[in-house]
Amino acid sequence: MSSGVEVLTARDVPLGGPRSMKVRRTLPQRARTLIGAWCFVDHYGPDDVGVSGGMDVAPHPHTGLQTVSWLFSGEIEHRDSLGSHAMVRPGELNLMTGGYGISHTEVSTPTTTVLHGVQLWVALPDADRRTGRDFQHYAPAPVALDGAQVRVFLGELAGSVSPVRTFTPLLGAELVLEPRAHITLAVDPAFEHGLLVDAGTVHLDGSPLARTELGYAAPGRDTLSLTNGTDAPARAVLLGGPPFGEEIVMWWNFIARSTEEIVQARRDWTEGRRFGVVEGYDGDPLPAPELPNVPLKPRGNRR
Ligand code: MN
C-alpha cells in the first residue's frame, strides 16, 4: 500500500455573520478527523468582499487548540484576549495558542477587496492543552525550487525551517507550482500528509486532486511527488505531522477529551469566565449554540 492517496472533498459551511461568507471544510469529516495534529481545515475564496460582506467574526472562545491563519489575498484584523492586535497578511503566519482558554475576533479590513486563504486548527496534546495563551507571527522567506516556490510556515521542508514553536511535530507550507511542473519533496516517513489544492489540479503521488480537494497520504513515504497538471500556475497547502495518538471531543470552538469538559467550557463562556475579554471590537460576543442531548463522541483516526 504505497501509492494510495485518499481524496477528501469539501463541504460548504456558512461562517456566520449577517451576510454569511461561505467556507469549504475538508477536515474534520466522517472519513478523517485528523492529519497529524491538524484537526480543522477551512478554505475560503477568492471571495469578492463587495458581494459577500467579507469576514466579521465576533468574540468567540477556544480551548485545547491553536489556530493558524494563512492568506493568499486580503487582510484580516485579529484581536484576542491576550491583548494581541495583529494584521493577518498574505504569506505571513499568525499562530494563536488558545491553551486553556482564549477569545478572539477576526474582521477583514476595509481595504480588502478579495479575501482568499485558509483557517486551520491544531489540536493540543493532553499534556499541553492547559498551557497559557500565546500569539506568534512569522513571515517565511520563499524558497525557490526547480519548478516551484515554497513558503514553510511550520516545521521543515526543502531546507527551510520555521522557528515557530508547536507542541507536536508539524509541517505547514504553501506551494506554488509552475505550469506543468513536477517536483519531488523529501518528507519525514513518520508523518502523514494532507495536500489541499487551492488553484489548478495537482497530482499527489499520481492521484489527481482538483481545486478544493484535500489529498491524504499515510505515513511511510520518504518523498512526495507533486505534478501540476495544468498550463497555469497551481497552488496548494501541504500539512503534515505524526499521527495524533489521542482521541478528541470537538464541539463548536472547543477541543476537549470528554462531554463533561465541553459542558464546562460552554458554561464558562456563557458566564463570562476563563476566556478573557477582547478589547476594541464593536459588537457583542457570539453566544454558544445549544448542546445536543446526547453525549459527544470522542473521535480519532483508525490506526
Ligand atoms: Mn476562532
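Quick note: residue numbers are just sequence positions, from 1.
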- [ ] Check the pair Arg133 / His104 against side chain to side chain contact (heavy atoms under 4.5 Å, CB included), numbers first and verdict last.
- [x] CA-CA 11 Å; Arg133 298 167 188 160; His104 73 141; over 6 Å; no
Task: salt bridge (Lys or Arg N to Asp or Glu O under 4.0 Å) evaluation trace for Glu261 with Arg129 - done: CA-CA 12 Å; Glu261 286 183 358; Arg129 64 196 179 93; 3.0 Å; yes
- [ ] Test Glu290 against Arg266 for salt bridge (Lys or Arg N to Asp or Glu O under 4.0 Å), laying out the working first.
- [x] CA-CA 9 Å; Glu290 290 300 320; Arg266 185 187 185 282; 3.6 Å; yes
Open item on the list: Working note: His182 + His203, criterion side chain to side chain contact (heavy atoms under 4.5 Å, CB included); need CA distance, chi angles, decisive distance, verdict.
Closed with: CA-CA 9 Å; His182 172 77; His203 299 250; over 6 Å; no
- [ ] Start with the C-alpha distance between Met96 and Ser84, add both sets of side-chain angles, then the distance that settles side chain to side chain contact (heavy atoms under 4.5 Å, CB included), and finish with yes or no.
- [x] CA-CA 9 Å; Met96 183 182 78; Ser84 317; over 6 Å; no
- [ ] Assess whether side chain to side chain contact (heavy atoms under 4.5 Å, CB included) is satisfied between Ile255 and Leu124, documenting all intermediate values.
- [x] CA-CA 8 Å; Ile255 295 184; Leu124 292 173; over 6 Å; no
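Of the inter-residue distances, the one linking Met21 atom CE with Tyr44 atom OH reads 6.0 Å to the nearest 0.5 angstrom. With rounding to the nearest 0.5 angstrom, the CD1 atom of Ile262 is 6.0 Å from the CG atom of Leu296. With rounding to the nearest 0.5 Å, the separation of CG in Leu195 from CG in Leu239 is 8.5 Å. Separating the OG1 atom in Thr113 from the CG atom in Asp47 is a distance of 10.5 Å, to the nearest 0.5 Å. Rounded to the nearest 0.5 angstrom, Glu77 CD and Met55 CE are separated by 13.0 Å. Taken to the nearest 0.5 Å, the CG atom of Leu120 stands 8.5 Å off from the CG atom of Asp42.
Between Glu178 and Asn228 the shortest side-chain heavy-atom distance does not fall below 4.5 Å. Considering only heavy atoms from C-beta on, Val57 comes within 4.5 Å of Leu286 through its side chain. Between Arg257 and Asp126, the closest side-chain pair of non-hydrogen atoms falls below 4.5 Å. Considering only heavy atoms from C-beta on, Ile35 comes within 4.5 Å of Leu214 through its side chain. Side-chain contact between Val197 and Glu213: absent, with no pair of heavy atoms (C-beta onward) separated by less than 4.5 Å. When side chains are defined from C-beta on, Val68 counts as touching Phe153, because their heavy atoms get closer than 4.5 Å. Counting heavy atoms from C-beta outward, Cys39 and Ile248 have side chains that approach closer than 4.5 Å. Side-chain contact between Val187 and Leu157 is present, with heavy atoms from C-beta onward closer than 4.5 Å.
Using bins of under 30°, 30° to 60° and over 60° for the plane-to-plane angle, the ring pair Trp252/Phe254 lands in the perpendicular bin.
Distance alone, capped at 3.5 Å, is enough to place a donor-acceptor pair between the Gln29 side chain and the Thr9 backbone. Within the 3.5 Å criterion, the main-chain N or O of Leu177 finds no donor-acceptor partner in the side chain of Arg235. With hydrogens and angles ignored, the 3.5 Å screen pairs no side-chain donor or acceptor of His137 with any backbone N or O of Phe135. Formation of a donor-acceptor pair under 3.5 Å by the Ser103 side chain with backbone atoms of Gly276 is found in this model. Without hydrogens or angle criteria, Arg89 side chain to Leu71 main chain gives no donor-acceptor distance under 3.5 Å. A donor-acceptor contact shorter than 3.5 Å is absent between the side chain of Arg221 and the backbone of Thr223. Between the side chain of Ser73 and the main chain of Val114, a donor-acceptor pair closer than 3.5 Å is present. Using a distance-only test at 3.5 Å, with no hydrogens or angles considered, a donor-acceptor pair links the side chain of Asp205 to the main chain of Ser225. At least one donor-acceptor pair closer than 3.5 Å links the side chain of Thr166 to the backbone N or O of Thr168. Using modelled atom types, no side-chain atom of Asp48 and backbone atom of Ser52 make a donor-acceptor pair closer than 3.5 Å.
For Leu154 against Trp38, the heavy-atom pair with the smallest separation is CD1-CH2, 3.6 Å. When all heavy atoms of Glu192 and Pro219 are compared, the closest pair comes out as CB-CD, 3.7 Å. Considering all non-hydrogen atoms of both residues, Asn301 and Thr33 come closest at OD1-N, 3.0 Å. Closest heavy-atom contact between Glu6 and Ala31: OE2-CB, 3.9 Å. For Ala217 against Leu224, the heavy-atom pair with the smallest separation is CB-CD2, 4.3 Å. Between Pro242 and Phe191, the shortest heavy-atom contact is CD-CE1, 3.5 Å.
Following chains of ILVMFWY side-chain contacts shorter than 4.5 Å, one cannot reach Leu171 starting from Val164, and the two form parts of different hydrophobic clusters. Val237 and Val143 are assigned to two separate hydrophobic clusters, defined by single-linkage of ILVMFWY side chains at heavy-atom distances under 4.5 Å. By the rule that hydrophobic residues join a cluster once side-chain heavy atoms approach within less than 4.5 Å of another member, Leu34 and Met250 end up as members of one cluster. Cluster annotation: Ile183 and Leu204 are assigned to the same hydrophobic cluster (Ile/Leu/Val/Met/Phe/Trp/Tyr, side-chain heavy-atom contacts under 4.5 Å, transitive). Placement of Leu185 and Leu209 within a single hydrophobic cluster is found when ILVMFWY residues are connected by side-chain heavy-atom separations under 4.5 Å, directly or transitively.
Atom CG of Asp12 has more than 12 neighbouring heavy atoms from other residues, nucleotides or ligands inside a 6.0 Å radius.
Note: His78 and His85 fail the aromatic proximity criterion, with ring centroids not under 6.0 Å apart.
Between His62 and the choices Tyr100, Trp121, Phe275, the ring-ring contact (aromatic ring centres under 6.0 Å, His included) rule is met once, by Trp121. The side-chain hydrogen bond (donor to acceptor under 3.5 Å, both in side chains) test with His43 singles out one residue from Thr212, Thr26, Asp198, and that residue is Asp198.
Residues Glu92 and Arg151 are not paired through a salt bridge, judged by the lack of any N-O separation under 4.0 Å between the basic side chain and the carboxylate.
Side chains of Thr97 and Gln66: a donor-acceptor N/O pair is present below 3.5 angstrom, by distance only.
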